[in-house]
Q: 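The structure is given below, and queries will be raised subsequently.
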Number of protein chains: 2
Amino acid sequence: MIRVLVVDDEPLIAQAHRAYTERIAGFEVVGVAHTARDAMAVLRTQEVDLILLDLHLPDRHGLDLVRALRAAGSGADVLAVTSSRDLGVVRQAVALGVTHYLLKPFTFAAFRDRMDRYALYRAQVREVSEVAAQHEIDRVFATLRGGPPDSLPKGLDPATFDLIRAALQAAGGLSATEVAARTGTSRVTARRYLEHLAEAGRAVRSPRYGGPGRPEVEYRPA
Amino acid sequence: MIRVLVVDDEPLIAQAHRAYTERIAGFEVVGVAHTARDAMAVLRTQEVDLILLDLHLPDRHGLDLVRALRAAGSGADVLAVTSSRDLGVVRQAVALGVTHYLLKPFTFAAFRDRMDRYALYRAQVREVSEVAAQHEIDRVFATLRGGPPDSLPKGLDPATFDLIRAALQAAGGLSATEVAARTGTSRVTARRYLEHLAEAGRAVRSPRYGGPGRPEVEYRPA
DNA sequence: GGGACGGTGAACAGAATGACCGTAATCGTG
DNA sequence: CACGATTACGGTCATTCTGTTCACCGTCCC
């Protein structure tokens, strides 16, 4: 369970964020604060993993709160949630290590995306305590900040997705052309979905050498 | 010009980092420090945009230095450079807002990649002072943390590249023909990638005499 | 009923590979 | 020491698949 502290000056908004958070598996809200002072108080008594922080607070700027947190040695991560479109603020937020920055108003999908990313990130850094290579570090950073996650991006149909995935699962290892032949879709479409699977880590790509001409890419279920 | 402070306890390494930095257009080194105390002193007298920070320092852990910096309100960004493979350290570094994390030893290409990314990030946040939409924020984050850019020349496939490199690493010293046999590629292809590795300084070539006929070229990982 | 959007496939430029072949470098022999 | 036999090198080119663009069609919303 990832323990979340929701901080927003408007009680209604804070409640909404709490509800949003609780709709996502793996997260629990351990506190709600409406001021920086309240937030600090909660942090003194509660273990908190992630702070959902509105930067606009009545007593203090949110970034100041983060600074104070860091000075105090707190390792809590911060997801900034604000309507401020000032890039200077974004830049400072980055420097202070916010995991992400959500502009209000946001959709639940966008919110869940950031939260899912964060959960995945935590799983990665918790799973092993040592890394062997630079690219593993890169993967951790990319998880937190990279492209869109598991929710199907635009242009991908759930039904087609299932079809392609099933075909791959059944055969074990197929090229885009072979998947196309088995599912009845075009190669282009098959490739689109296979590529998504690979991107999401649910399939691995490896080249197939031997014949003349450019090598084929084989996708195998992970 | 992006003003860089180089921090590393070993003078030789610090000089190397300084040289690396100065090879990249748009960056200038405004200071070199060997201890956390030195670094703080420089930061008090100099405007610094980016700190190239070795986490292993004689007087204090690098992350403590970052914490102190943040507490003091410094907005300098940090690129962590360390040989520590401890993921806990990585995690803390992320929370403190390091722009990236480079494992020693690293190639100049990897270093330049991170620096270029950072320069691009700065250009983005400086160009405009306001943002209109979430996706612009996302772009800024992705610039800083996105996946590694394929610095491979055209005609070379990343997957094949990894395959060849892995084969070489595992065996220690192989000819193009032997690599071909182990990877399933043709000799021509294997040689293409081995040549690239040699060119990039990641493998060394030495002839193998003894048998009849023209000597073979043996590639060994550098 | 019209417009916008989302998903698909056909066509195309070019990217990555293997086959072929002349050339280069060594060893063995007279 | 010279010369032929042998073996690998290194460049060129045909081949096949990739990845992208664009037009089409259905559907949903206004």
Side-chain angles (χ1 to χ4, degrees), chain A residues 107 109-110 147-148 151-168 171 173-200 203-220, chain B residues 133 135 147 149-168 171 173-200 203-220:
Chain A
T107 62
S151 63
L152 281 176
K154 281 192 191 178
L156 269 60
D157 187 86
T160 311
F161 179 75
D162 283 345
L163 183 67
I164 302 277
R165 191 160 52 83
L168 191 65
L174 295 172
S175 73
T177 308
E178 289 162 353
V179 170
R182 294 183 188 220
T183 56
T185 67
S186 74
R187 181 186 62 86
V188 176
T189 298
R191 183 187 166 280
R192 236 191 304 263
Y193 288 85
L194 288 168
E195 210 47 44
H196 172 68
L197 282 170
E199 204 65 33
V204 291
R205 312 168 22 143
S206 58
R208 245 192 222 167
Y209 307 97
R214 181 169 174 157
E216 262 181 338
V217 174
E218 177 181 279
Y219 299 84
R220 273 174 323 180
Chain B
H135 78 88
D150 292 323
S151 52
L152 283 176
K154 281 196 175 173
L156 268 57
D157 187 85
T160 308
F161 179 74
D162 281 344
L163 185 68
I164 302 280
R165 190 161 53 81
L168 192 64
L174 294 172
S175 73
T177 307
E178 289 162 351
V179 170
R182 293 179 190 223
T183 57
T185 67
S186 72
R187 181 187 61 87
V188 175
T189 298
R191 183 182 166 281
R192 208 173 281 145
Y193 287 85
L194 288 167
E195 250 346 276
H196 172 69
L197 282 170
E199 204 65 33
V204 291
R205 302 186 301 187
S206 56
R208 241 192 225 166
Y209 306 98
R214 180 169 174 161
E216 260 182 338
V217 173
E218 178 182 277
Y219 299 83
R220 273 175 321 179

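Letters go in sequence order (proteins before strands), and every chain restarts at 1. Everything numeric in this text was worked out from a predicted model, so none of it was measured. Just the heavy atoms: all of them, side chains too, but no hydrogens, waters or symmetry mates, feed the values below.
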Q: Okay, side chain of Tyr193(B), backbone of Asp157(B): is any donor-acceptor separation there less than 3.5 Å?
A: yes
Q: Estimate the overall bend of the helix from dG1(C)-dC30(D) to dG30(C)-dC1(D) from the end axes over five pairs each, rounded to 10 degrees.
A: 10°
Q: State which residues pass salt bridge (Lys or Arg N to Asp or Glu O under 4.0 Å) with Arg191(B); sequence neighbours excluded, sorted by chain then number.
A: none
Q: Going 5' to 3' on DNA chain D, which nucleotide is the first and which the last to come under 4.0 Å of a heavy atom in chain A?
A: dT15(D) to dT20(D)
Q: Can you check the Glu218(A) CD to dA16(C) P distance for me, whole Å?
A: 19 Å
Q: Under the side-chain hydrogen bond (donor to acceptor under 3.5 Å, both in side chains) rule, collect the residues that match up with Ser186(B), sequence neighbours excluded.
A: Thr189(B)
Q: Expressed as a whole number of angstroms, how long is the span from Asp157(A):CG to dG9(C):P?
A: 11 Å
Q: Taking only side-chain N and O atoms of Tyr193(B), does any of them lie within less than 4.0 angstrom of OP1 or OP2 on dT17(C)?
A: yes
Q: If only side-chain N and O atoms of Thr189(B) are considered, is one of them under 4.0 Å from the OP1 or OP2 phosphate oxygen of dA16(C)?
A: no
Q: Under the side-chain hydrogen bond (donor to acceptor under 3.5 Å, both in side chains) test, which residues partner Arg208(B), sequence neighbours left out?
A: Glu178(B), Glu216(B), Glu218(B)
Q: Which heavy atom in Tyr209(B) sits nearest to a heavy atom in Pro215(B), and how many Å separate them?
A: CD2-CB, 3.8 Å
Q: Taking salt bridge (Lys or Arg N to Asp or Glu O under 4.0 Å) as the test, write out the residues that go with Arg214(A), two or more places apart.
A: none
Q: Nearest heavy-atom pair of Pro207(A) and Thr160(B): which atoms, and what distance?
A: CG-OG1, 4.3 Å
Q: Which nucleotides of nucleotides 25-30 of chain C have their base under 4.0 Å from a protein heavy atom (B), which only their sugar-phosphate (S), and which neither (-), written as one string 5' to 3'?
A: BBS---
Q: Residues in side-chain contact (heavy atoms from CB on, under 4.5 Å) with Ala166(A), at least two apart?
A: none
Q: side-chain contact (heavy atoms from CB on, under 4.5 Å) with Ala167(B): which residues, sequence neighbours excluded?
A: Thr183(B)
Q: Can you list the residues that meet the side-chain contact (heavy atoms from CB on, under 4.5 Å) rule with Ala190(A), with sequence neighbours excluded?
A: Ile164(A), Val179(A), Ala180(A), Thr185(A)
Q: Just how far, in rounded Å, is C1' of dT8(C) from CG of Leu163(A)?
A: 13 Å
Q: Mind checking side-chain contact (heavy atoms from CB on, under 4.5 Å) for Arg165(A) and listing every partner two or more places apart, or none if nothing turns up?
A: Phe161(A), Asp162(A), Gln169(A), Leu197(A), Arg202(A)
Q: Mind listing the residues from residues 178-188 of chain A sitting with a heavy atom below 4.0 Å of DNA chain D? Number order is fine.
A: Arg187(A), Val188(A)
